[in-house]
Number of protein chains: 2
Amino acid sequence: MILTCRYAPYVPQREPPHAPGPGSDHVPDNGSVTGPKQAPGPRADDRPPPRHRDLRLAVDRASPVPLYFQLARQLEAAIESGTLAPGSLLGNEIELAARLGLSRPTVRQAIQSLVDKGLLVRRRGVGTQVVHSHVARPLELSSLYDDLLAAGQHPSTRVLQNARGPAPAAVAAALGLPESCQVAVVHRLRLTHGEPMAYLCNYLPCDLLEPATPELEATGLYALMRHHGITLHSAEQTVGARAATAEESRLLAEPAGAALLTMQRTTYDDRGRAIEFGSHLYRASRYTFEFRLLVRA
Amino acid sequence: MILTCRYAPYVPQREPPHAPGPGSDHVPDNGSVTGPKQAPGPRADDRPPPRHRDLRLAVDRASPVPLYFQLARQLEAAIESGTLAPGSLLGNEIELAARLGLSRPTVRQAIQSLVDKGLLVRRRGVGTQVVHSHVARPLELSSLYDDLLAAGQHPSTRVLQNARGPAPAAVAAALGLPESCQVAVVHRLRLTHGEPMAYLCNYLPCDLLEPATPELEATGLYALMRHHGITLHSAEQTVGARAATAEESRLLAEPAGAALLTMQRTTYDDRGRAIEFGSHLYRASRYTFEFRLLVRA
DNA sequence: AAGTGGTCTAGACCACTTT
DNA sequence: AAGTGGTCTAGACCACTTG
């Protein structure tokens with residue numbers, strides 16, 4: 001997962017016509033007292049980076065996969081495998097294009113997609129190089145959903161409630177529905193290895209989808225919605241923390257008043273309709289939320 | 001802020017040559033029991049969307065600002081102001097290009113940047129339309145850093161410790177430094193309106209920067225690093241929750257054992273060097289973390 | 001069948017960085 | 001001065017959606 005903070009393409013020096021000059025692209029400021037989870041590679045130094053002209057690259061024009069995407073995948077694989085070492089230069093775009101028999105814009109599109117992923121860095125007058133620390137991979141795959149369904153976690157779902165009812169005011173507002181409109185109300189307990197992990201309350205407009213309990217127990221809500229032909233587009237999330245109530249601590253098998261990680265989310269489809277509002281509680285003792293933040297200067 | 005979950009461009013139907021087909025692009029599955037913060041616009045229906053050919057657009061070729069960026073800004077302004085109503089179609093790219101005297105790729109670049117921001121949606125065979133709910137704006141600006149420094153919050157910083165010391169094992173690992181290497185250790189209390197808000201512990205390689213206490217009290221750590229010529233590139237963050245220790249609750253003026261929001265972060269510069277590790281504690285009673293998630297199908 | 005976006009080409013000029 | 005990425009053009013063909 002990539003959290004892009006702000007957009008601001010290169011702009012020549014005279015005239016600062018819009019906000020995003022240097023000094024306005026922030027990454028949040030954080031910190032406390034526990035340890036990180038893994039060591040990146042050895043510390044990078046400032047030796048002149050090696051060049052790579054001998055990379056084996058080839059595209060298949062008969063394939064239905066877009067050329068730029070084929071190239072991007074090969075470069076990504078080379079970076080992951082270490083063939084393209086961190087810090088090495090990619091060789092200029094024109095040469096790369098010539099070697100592959102592609103046009104420069106196509107090569108640029110491939111490279112740009114990797115820059116967007118944080119695997120490459122482009123510097124004008126210098127070249128394109130592989131980011132030194134390649135910690136990108138593990139984090140790309142991590143997400144709350146993946147964490148819950150991850151291999152070896154043996155996730156399961158217990159449906160506590162699945163009914164139709166009037167939307168609470170806050171939910172109606174989030175979904176853009178009239179007050180007290182009927183919605184599908186789903187309360188679930190998500191377990192891993194049979195242990196409770198999260199308590200999930202979701203609300204869905206009932207003209208869109210009323211999930212069946214067996215479906216809910218067999219899969220995640222999003223997979224279910226996709227299966228019903230809904231195209232997810234975006235979501236707005238708020239993460240916080242609070243102490244568990246008596247009932248919550250009972251449900252989640254936590255001590256009374258334990259710290260819980262909270263998340264509220266409104267999800268939209270590709271037409272911009274709100275299709276779901278969720279209010280979730282995670283056991284902080286077993287759960288964290290990881291992501292990667294990219295600063296686009 | 002935009003959290004992009006996964007990349008996978010359009011791929012023709014035969015042959016699923018790589019992972020990201022439908023069904024592999026997930027948004028995390030969340031939820032709990034409080035209310036959302038604001039109502040989006042009225043619920044979108046399925047009326048045929050209006051067309052917009054009468055939008056006033058013009059680019060200035062004498063300006064140093066890239067043409068695609070000028071266009072993107074104008075479109076964004078039109079969306080925000082409501083001139084381009086949610087759901088309205090943009091008119092096809094060719095026509096738009098002709099009207100502006102631009103080439104199609106340039107217009108596409110402008111549109112793509114707004115699609116990346118989540119303001120527009122493109123559908124093949126249909127057209128480009130404005131996302132129905134335009135809640136994007138407020139969330140774009142929100143970030144932990146912005147929240148703390150936001151207008152009206154009167155943020156301030158109290159430096160509790162600013163010294164050089166050996167890196168704890170976990171910190172050394174995160175920064176890619178040898179065990180017990182000397183690092184700059186900074187402990188700060190961040191206040192808003194004179195009230196404690198967060199307790200921030202940061203570690204920096206001392207060959208990079210040793211911040212002066214007055215600097216730390218006058219500004220944020222990132223602004224300070226940028227001021228010293230460091231180019232931020234990316235960060236990896238982990239968000240969680242736990243109960244406060246006795247000392248933490250005292251520092252943050254919270255009751256004993258209160259739930260705190262935790263965040264750990266490693267920041268990298270544009271050469272991939274780890275330039276900072278932070279471990280932060282936020283008062284959950286006053287602080288949440290908001291972001292937007294875009295699903296790229 | 002018509003209209004849309006998705007991809008691709010083969011050039012071009014400019015701005016920035018380094019030597 | 002040389003080399004790099006940043007931007008831009010004017011076309012082209014294809015795949016998908018809708019009527």
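Letters A, B, ... mirror the listed sequences (proteins, then strands); counts begin at 1.
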Item checked: OP1 or OP2 of C:dG6 under 4.0 Å from side-chain N/O of B:R122 -> yes
Note to self: What's the separation between atom CG in B:L221 and atom CG in B:L209, rounded to the nearest 0.5 Å?
What the structure shows: 7.5 Å
Item checked: Nucleotide of D:dT9, C:dG5, C:dC16 approaching B:R61 most closely (side-chain heavy atoms) -> D:dT9
Item checked: B:Q109 CD - C:dG6 P separation (whole Å) -> 14 Å
Next item on the list: Check whether any side-chain N or O of B:Q70 sits under 3.5 Å from a backbone N or O of B:D60 as a donor-acceptor pair, and report yes or no.
Entry: yes
Checklist line | Rounded distance in Å - CZ (B:R124) to P (C:dT7) | finding: 7 Å
Give me the distances for all protein-to-nucleotides 10-12 of chain D N/O pairs that come in under 3.5 Å?
{"residue": "D:dA12", "atom": "N6", "partner": "B:R104", "partner atom": "NH1", "Å": "3.1"}

Notebook entry, point to check: Are B:Y68 and D:dC8 close enough that a side-chain N or O sits under 4.0 Å from OP1 or OP2?
Noted result: no
Check: With pairs taken as Watson-Crick or G-U wobble and both distances under 3.5 angstrom, which stems of at least three consecutive pairs involve DNA chain C?
Finding: C:1-18 with D:1-18
Item checked: Rounded distance in Å - CG (B:L90) to P (C:dG5) -> 8 Å
Notebook entry, point to check: Side chains of B:R61 and B:L102: closer than 4.5 Å at any heavy-atom pair?
Noted result: yes
Next item on the list: In whole angstrom, give the distance that lies between atom CD1 of B:I111 and atom P of C:dG6.
Entry: 9 Å
Check: Quick one: does A:E76's side chain have a donor or acceptor within less than 3.5 Å of a partner on A:L114's backbone?
Finding: no
Next item on the list: Write down the distance between CD (B:Q112) and P (D:dC8), rounded to a whole number of angstrom.
Entry: 16 Å
Notebook entry, point to check: Which one, D:dG5, C:dT9, C:dG5, comes nearest to the side chain of A:T106?
Noted result: C:dT9
Notebook entry, point to check: Just how far, in rounded Å, is P of D:dC14 from CG of A:L67?
Noted result: 14 Å
Next item on the list: Please report the C-alpha distance between A:L119 and A:V131 in whole Å, then the side-chain angles of each, then the deciding distance to 0.1 Å, and finally whether the side chain to side chain contact (heavy atoms under 4.5 Å, CB included) criterion is met.
Entry: CA-CA 6 Å; A:L119 295 175; A:V131 160; over 6 Å; no
Note to self: How close do A:F277 and A:A174 get, counting heavy atoms only, and between which atoms?
What the structure shows: CD1-CB, 3.7 Å
Check: Does a side-chain heavy-atom distance below 4.5 Å link A:Y222 with A:T267?
Finding: yes
Margin query: Determine whether a donor-acceptor pair (N or O, by modelled atom type, separation under 3.5 Å) exists between the side chain of A:S81 and the backbone of A:A77.
Written below: yes
Note to self: Quick check for you: among C:dG5, C:dC8, D:dG5, whose closest atom lies nearest to any side-chain atom of B:T128?
What the structure shows: C:dG5
Check: With a 4.0 Å cut-off on heavy atoms, is B:R123 in touch with a base, just the backbone sugar-phosphate, or nothing at all?
Finding: sugar-phosphate
Notebook entry, point to check: In terms of side-chain heavy atoms of B:V126, which of D:dT18, C:dT7, C:dG5 is nearest?
Noted result: D:dT18
Margin query: Under 4.0 Å, counting only non-hydrogen atoms across every strand here, what does B:I94 touch: a base, just sugar-phosphate, or nothing?
Written below: nothing
Check: C:dT4, D:dC8, C:dG6: which one has an atom nearest the side-chain heavy atoms of B:N92?
Finding: C:dT4
Next item on the list: Among D:dA15, D:dT9, D:dG5, find the nucleotide with the atom closest to the side chain of A:E93.
Entry: D:dG5
Next item on the list: Measure from CG on A:L89 to P on D:dG3 and round the result to the nearest Å.
Entry: 15 Å
Checklist line | Residue whose closest nucleotide on DNA chain C lies nearer the 5' end, A:G125 versus A:V107 | finding: A:V107
Checklist line | Spacing of B:L71 atom CG relative to D:dT9 atom P, expressed in whole Å | finding: 11 Å
Note to self: I'd like to know if the side chain of B:E276 pairs up with that of B:N202 as donor and acceptor (distance under 3.5 Å, no hydrogens or angles considered).
What the structure shows: yes
Notebook entry, point to check: Do B:H227 and B:T219 touch side chain to side chain, with heavy atoms closer than 4.5 Å?
Noted result: no
Next item on the list: Name the closest nucleotide to the A:P66 side chain, picking from D:dA15, D:dG5, C:dC8.
Entry: C:dC8
